[in-house]
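Written below as structure tokens is the structure these notes are about.
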Amino acid sequence: MTHIIAAPASRPVQADSRAVTLHFDNNALLAVLLGDHDRHLVRLQQGLGVRLSCRGNRVAIAGDAARVEQAQTALTDLYRRIERGEPIGASDIDAAIRMSDADDPRLPLSDLPAIHTRRGAVGPRSPGQSRYMDLLSKHEMVFGIGPAGTGKTYLAVAQAVAMLISGKVDRIVLSRPAVEAGERLGFLPGDLKEKVDPYLRPLYDALADMLPGDQVTKRMERGEIEVAPLAFMRGRTLAHAFVILDEAQNTTAVQMKMFLTRMGEGTRMVITGDLSQIDLPTGIRSGLRDALDTLEGVPGIAVNRFDRGDIVRHPLVGRIVEAYDARAAAEKETSARRSDATGR
């Protein structure tokens, strides 16, 4: 349990500033919350822009009133997780920062719904992931659009595994277009399986995180899990399945229509992609962009757009995406100015 104490200021503070002290009942659990050498506390302080200090079993928070409230929420929610016996690490601290810093506050971090798999619970680590998980649980067709590292595919696979082991679907079908960075299958060594496996490896990796290795192998042998390139979908009707199309930005419009119309009775479909990473030949329109232009707003179809604030990989990934976005915006602005000058 935690208790909140209004902390009197030792000197005058600005009207929008606030200071509170959290009192934690269990010193051993508090030590876990703080981390080795207070590294979790330091990470929270830097991420939320507040001043944090610990003395005994009390943590003092000072700073902008809104930031203090966010820090208070993050610390309290993390402590509740520790009380339940859940471990926390740097990624959990970063998730608490992202969730508490959301423009649209949702449930407390400790109370957010999770996807339950054989390997444990998978919970959201950003506001965009929380919205996405909600859509995955309620809609038959969901588009997850956004940059690398936002969990688009990982959470879709988690939802698929959860529905398979609970008996809500009979099988999982995972697919990707075999088009990457201009390469063609014919140039790769080996038989067909050896040619397509590198393209499908991220899907295998996600599966391995959700199920014990022997379970993945057995379920694939029984046909309960199928991983195949998009070309193998033609002519099929997929019923009572959870179907995921990954890297959908590299489909053509014809391929995308073919895939979407494979949907049968009792089937869920998730289509994921990043429109800034299109590897199709110049002049070919992305099937993902075409589908969004055509289908967004159609009843029963949900679209979740992630942004760089939802990136849950190494912090550098977010900064890399931001740098590329900034350069693209600058180039677009320069091109527009040149067009204006030419028009004159």
What closest approach, in Å, do Asp310 and Ser126 show between heavy atoms, and which atom pair accounts for it? OD1-OG, 2.8 Å
Residues in side chain to side chain donor-acceptor pair (under 3.5 Å) with Asn57, at least two apart? His23
Could you measure the distance from the CG atom of Asp205 to the OG1 atom of Thr153? Nearest 0.5 Å is fine. 11.5 Å
Test Met258 against Thr251 for side chain to side chain contact (heavy atoms under 4.5 Å, CB included), laying out the working first. CA-CA 10 Å; Met258 177 274 292; Thr251 63; over 6 Å; no
Measuring only between side-chain heavy atoms, which start at C-beta, is Arg308 closer than 4.5 Å to Tyr324? no
Ring pair (Phe, Tyr, Trp, His ring centres under 6.0 Å): pairs with one or both residues in residues 284-311, sequence neighbours excluded: Tyr132-Phe306
Nearest-0.5 Å distance, CD1 of residue Ile225 to NZ of residue Lys218: 12.5 Å
With heavy-atom distances below 4.5 Å as the criterion, would you say the side chains of Leu174 and Asp246 are in contact? no
Tell me every residue that passes side chain to side chain donor-acceptor pair (under 3.5 Å) with Thr217, counting only those two or more places apart in sequence or in another chain. none
Ignoring hydrogens, what is the shortest heavy-atom contact between Gly63 and Arg51? Give both atom names and the distance. N-NH2, 4.3 Å
Criterion side chain to side chain contact (heavy atoms under 4.5 Å, CB included) on Ile82 and Asn26, from CA distance to verdict: CA-CA 11 Å; Ile82 297 168; Asn26 189 314; over 6 Å; no
Same cluster or not: Val42 versus Ile88, using hydrophobic residues (I, L, V, M, F, W, Y) connected whenever any side-chain heavy atoms lie under 4.5 Å apart? no
Which residues pass the ring pair (Phe, Tyr, Trp, His ring centres under 6.0 Å) test with Phe143, not counting sequence neighbours? none
Rounded to the nearest 0.5 Å, how far does CG of Leu29 lie from CZ of Arg84? 12.5 Å
Rounded to the nearest 0.5 Å, what separates atom CG in Leu34 from atom CG in Leu75? 8.5 Å
With sequence neighbours left out, the residues meeting side chain to side chain donor-acceptor pair (under 3.5 Å) with Gln249 are Glu247
Do Met141 and Val298 touch side chain to side chain, with heavy atoms closer than 4.5 Å? no
Quick one: pull up CE in Met263 and OG1 in Thr261 and give me the separation to the nearest 0.5 Å. 11.5 Å
Salt bridge (Lys or Arg N to Asp or Glu O under 4.0 Å) involving Arg236 - partner list, sequence neighbours excluded: Glu226
Roughly how far apart are Leu203 CG and Tyr154 OH, rounded to 0.5 Å? 13.0 Å
So do the side chains of Val157 and Asp209 get within less than 4.5 Å of each other, counting heavy atoms only? no
Listed partners of Phe259 passing ring pair (Phe, Tyr, Trp, His ring centres under 6.0 Å), at least two apart: none
Shortest non-hydrogen contact from Leu164 to Asp170? CD1-O, 3.5 Å
Check Gln45, His40, Arg43 against Leu52 for a side-chain contact (heavy atoms from CB on, under 4.5 Å) and give me the one that passes. Gln45
Donor-acceptor contact present, side-chain Asp64 to main-chain Arg67, <3.5 Å: yes
Can you name the closest pair of heavy atoms from Gln129 and Gly151 and give their distance? NE2-CA, 3.9 Å
Can you check whether Asp77's main-chain N or O pairs, donor with acceptor, with Arg81's side chain at less than 3.5 Å? no
Solution key, residues 264-271 side-chain donor-acceptor pairs under 3.5 Å, sequence neighbours excluded:
residue : atom : partner : partner atom : Å
Thr267  : OG1  : Leu238  : O            : 2.5
Thr267  : OG1  : His240  : N            : 3.2
Thr267  : OG1  : Ala241  : N            : 3.4
Arg268  : NH1  : Leu136  : O            : 2.9
Arg268  : NH1  : His139  : O            : 3.3

Taking salt bridge (charged side-chain N to carboxylate O under 4.0 Å, His left out) as the cut-off, I'd like each qualifying pair that reaches into residues 135-156, sequence neighbours left out, listed once. Asp134-Lys138
Could you report the tightest heavy-atom contact between Leu78 and Ala96, atom names first, then the distance? CD1-CB, 3.9 Å
Quick one: does Leu260's side chain get under 4.5 Å of Lys257's, heavy atoms only? no
How far apart are the C-alpha atoms of Arg125 and Asp94, what are their side-chain angles, what is the distance that settles it, and do they pass the side chain to side chain contact (heavy atoms under 4.5 Å, CB included) test? CA-CA 8 Å; Arg125 294 183 176 272; Asp94 290 341; over 6 Å; no
Please identify each residue that fulfils salt bridge (Lys or Arg N to Asp or Glu O under 4.0 Å) with Glu224, with sequence neighbours left out. Arg219, Arg222
Ser286 vs Leu275, side chain to side chain contact (heavy atoms under 4.5 Å, CB included): CA-CA, chis, key distance, verdict: CA-CA 8 Å; Ser286 166; Leu275 289 170; 4.1 Å; yes
Any heavy-atom pair between the side chains of Asp290 and Met256 that's under 4.5 Å? no
Any side-chain to backbone donor/acceptor pair from Ser175 onto Leu245? Under 3.5 Å, distance only. no
Main-chain N/O of Pro212 paired to Gln215 side chain as donor or acceptor, under 3.5 Å: no
Across all chains, not counting sequence neighbours, the salt bridge (Lys or Arg N to Asp or Glu O under 4.0 Å) partners of Arg327 are Glu331
Taking every non-hydrogen atom, the tightest pair across Ala71 and Leu48: CA-CD1, 3.5 Å
Selection residues 292-305 - residue pairs positive for side chain to side chain donor-acceptor pair (under 3.5 Å), sequence neighbours left out: Arg285-Asp293, Glu296-Arg305
